[in-house]
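Here is the structure we will look at, set down as structure tokens.
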Amino acid sequence: MVAGSPVLNQSGPPEFVFRVFTTVPEFQALLFLLFLLLYLMILAGNTAIVWAVCTHSCLRTPMYFFLSNLSFVEISYTTVVVPLMLSNIVGAGKPIPLAGCGAQMFFFLTFGGADCFLLAIMAYDRYVAICHPLRYTVIMTQPLCIQMVVCAVGLAVFLSLQLTSLIFTLPFCGHLREINHFLCDVPPVLRLACADIRLHQAVLYVVGILVLTVPFLLICVSYVFIASAILRIRSGEGRRRAFSTCSSHITVVLLQYGFCALVYLRPQSSSSVDEDRQFALVYTFVTPLLNPLIYTLRNKDVKGALKKAIGCKGTAEALSGFRGT
């Protein structure tokens with residue numbers, strides 16, 4: 001048990017406690033401020049994308065519809081983790097009940113799975129836009145876009161519910177209820193079970209393949225066709241514009257799928273709990289933070305909408321101030 005962790009009640013219902021990052025008060029304050037700043041930046045950036053897409057008619061296209069849904073999922077994804085993480089930094093060792101741990105795992109897996117499925121849908125959208133531009137509006141209709149998002153979220157909920165329910169039927173050893181992580185993720189919770197977990201690990205790999213490998217392969221196939229179509233474009237400017245519409249998506253895909261695969265698809269025998277925590281920090285903070293930055297800095301439509309919104313707000317405030325004088 002790490003110094004500073006409370007002695008858990010062994011006779012009561014199962015509870016868990018997260019391993020602290022550090023017990024040095026100065027470092028705790030520094031980590032708290034750093035993670036709080038990153039969280040606020042994630043909220044601000046992704047909320048700005050959702051707001052821009054919802055309020056500007058020029059962004060009401062399938063691509064930006066999927067982007068706004070991705071940003072909403074990123075907000076929910078980090079909100080499931082970060083507030084509890086921050087409270088544990090300032091109040092180290094506060095136990096979380098079994099039901100609370102299960103709820104966090106379920107929502108974390110749900111939003112994480114929805115994130116991966118949405119990235120695959122966005123790759124299909126780019127495939128249709130570049131390979132079948134004349135039929136794009138006929139294929140990517142609003143009802144189809146809504147159906148794809150609903151199916152992505154529904155499948156993520158179904159898989160997360162099955163995996164979480166299976167894991168929390170396990171008995172947990174009383175003296176090993178300290179989770180060497182900052183959230184109730186699957187691998188560290190499985191390590192606390194005092195029963196045979198081979199079936200549960202097999203189910204985890206199956207879910208990981210469905211959520212990570214299958215969508216990633218679909219993305220790769222989409223980009224093979226997209227690359228082939230781009231290379232057939234005679235104009236250099238046309239090739240550059242076509243590639244620029246995909247480069248942001250490719251960057252987010254590589255970050256999200258790469259680090260998630262390192263956590264969920266590695267053999268547990270070769271994985272390190274410290275490495276898992278480091279990888280989890282990347283897809284909890286870095287990817288949701290880079291998502292709005294990548295899409296806004298590399299997308300003239302989104303940048304234009306945000307600048308227009310800021311300009312309109314500034315003008316409205318100036319007029320209201322003028323009228324009040």
Side-chain angles (χ1 to χ4, degrees), residues 18 21 28-56 59-60 63-91 96 100 103-119 122 149 152-153 156-157 160 181-185 248-249 251-253 255-256 259-260 277-299 301-314 317:
F18 299 110
F21 284 96
Q28 286 180 336
L30 183 63
L31 285 175
F32 179 86
L33 292 175
L34 174 62
F35 292 145
L36 177 61
L37 177 62
L38 290 174
Y39 179 55
L40 293 177
M41 291 172 64
I42 290 169
L43 291 182
N46 285 284
T47 301
I49 289 181
V50 174
W51 180 76
V53 172
C54 292
T55 57
H56 290 78
L59 299 181
R60 289 173 189 167
M63 181 176 74
Y64 296 115
F65 172 73
F66 296 134
L67 177 58
S68 64
N69 279 275
L70 181 68
S71 293
F72 176 79
V73 168
E74 298 280 21
I75 293 170
S76 305
Y77 181 75
T78 52
T79 301
V80 168
V81 177
V82 178
L84 181 60
M85 176 185 177
L86 293 175
S87 69
N88 280 304
I89 290 176
V90 295
I96 179 173
Q104 187 188 49
M105 180 182 291
F106 167 72
F107 286 109
F108 177 75
L109 293 175
T110 295
F111 290 122
D115 196 312
C116 292
F117 293 143
L118 281 172
L119 288 173
M122 292 172 74
V149 171
V153 175
V157 168
S160 302
H181 212 297
F182 56 86
L183 74 143
C184 289
D185 204 357
S248 301
H249 181 259
T251 305
V252 174
V253 165
L255 285 170
Q256 179 73 10
F259 286 100
C260 287
R277 288 215 302 179
Q278 294 166 7
F279 294 147
L281 283 173
V282 173
Y283 59 72
T284 301
F285 286 101
V286 178
T287 306
L289 179 62
L290 288 181
N291 177 43
L293 290 176
I294 289 171
Y295 278 106
T296 53
L297 292 177
R298 298 181 63 88
N299 191 296
D301 292 336
V302 177
K303 283 195 294 185
L306 291 175
K307 287 179 181 178
K308 185 184 294 184
I310 294 172
C312 290
K313 183 178 179 182
E317 290 177 350

Selection residues 34-48 - residue pairs positive for side chain to side chain donor-acceptor pair (under 3.5 Å), sequence neighbours left out =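 Non-adjacent pairs meeting side chain to side chain donor-acceptor pair (under 3.5 Å): Tyr39-Thr79, Asn46-Ser71, Asn46-Asn291.
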Side chain to side chain donor-acceptor pair (under 3.5 Å) involving [X] - partner list, sequence neighbours excluded:
X	result
Thr287	none
Asn69	none
Ser76	none

With side chains defined as the heavy atoms from C-beta onward, is the minimum distance between [X] and [Y] less than 4.5 Å?
X	Y	answer
Thr78	Phe285	no
Leu36	Phe32	yes
Phe66	Val149	yes
Met105	Asp185	no
Leu84	Leu183	no
Leu281	Phe35	yes
Val252	Leu290	no
Gln104	Val80	yes

message = Checking Tyr283 against Tyr77 for the side chain to side chain contact (heavy atoms under 4.5 Å, CB included) test, could you report, in this order, the C-alpha distance in whole Å, the side-chain angles of both residues, the deciding distance, and whether it holds?
response = CA-CA 10 Å; Tyr283 59 72; Tyr77 181 75; 2.9 Å; yes
task = Please assess Gln256 against Leu119 for the test side chain to side chain contact (heavy atoms under 4.5 Å, CB included), listing each intermediate value before the final yes or no.
result = CA-CA 9 Å; Gln256 179 73 10; Leu119 288 173; 4.0 Å; yes
task = Kindly give the heavy-atom pair with the smallest separation between Val81 and Thr284, and that separation in Å.
result =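 Result for this residue pair: CG1-CG2, 4.0 Å.
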Closest contact, heavy atoms only, Ala114 versus Ala156 =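 So the two residues come closest at N-CB, 3.5 Å.
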message = For Phe65, is there any backbone N or O sitting under 3.5 Å from a side-chain donor or acceptor partner on Ser68?
response =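 The answer is yes, because a donor-acceptor pair under 3.5 Å joins these two groups.
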request  = Only counting residues at least two apart or in another chain, list the ones meeting ring-ring contact (aromatic ring centres under 6.0 Å, His included) with Phe117.
outcome  = none
request  = Report the C-alpha distance between Phe106 and Val157 in whole Å, list the side-chain angles of each, state the deciding distance to 0.1 Å, and finish with yes or no for side chain to side chain contact (heavy atoms under 4.5 Å, CB included).
outcome  = CA-CA 8 Å; Phe106 167 72; Val157 168; 4.0 Å; yes
request  = Could you list the residues that satisfy disulfide bond (SG atoms under 2.5 Å apart) with Cys184, not counting sequence neighbours?
outcome  =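 For Cys184, the residues satisfying disulfide bond (SG atoms under 2.5 Å apart) (neighbours in sequence not counted) are Cys101.
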Evaluation steps, side chain to side chain contact (heavy atoms under 4.5 Å, CB included), between Phe111 and Asp115 = CA-CA 6 Å; Phe111 290 122; Asp115 196 312; over 6 Å; no
note = Distance col, row Glu74:CD vs Leu43:CG, nearest 0.5 angstrom, shows 11.5 Å
inquiry  = Does Phe72 have more than 12 heavy atoms from other residues, nucleotides or ligands lying within 6.0 Å of its CZ?
reply    =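 Counting neighbours around CZ of Phe72, 12 or fewer heavy atoms of other residues, nucleotides or ligands fall under 6.0 Å, so no.
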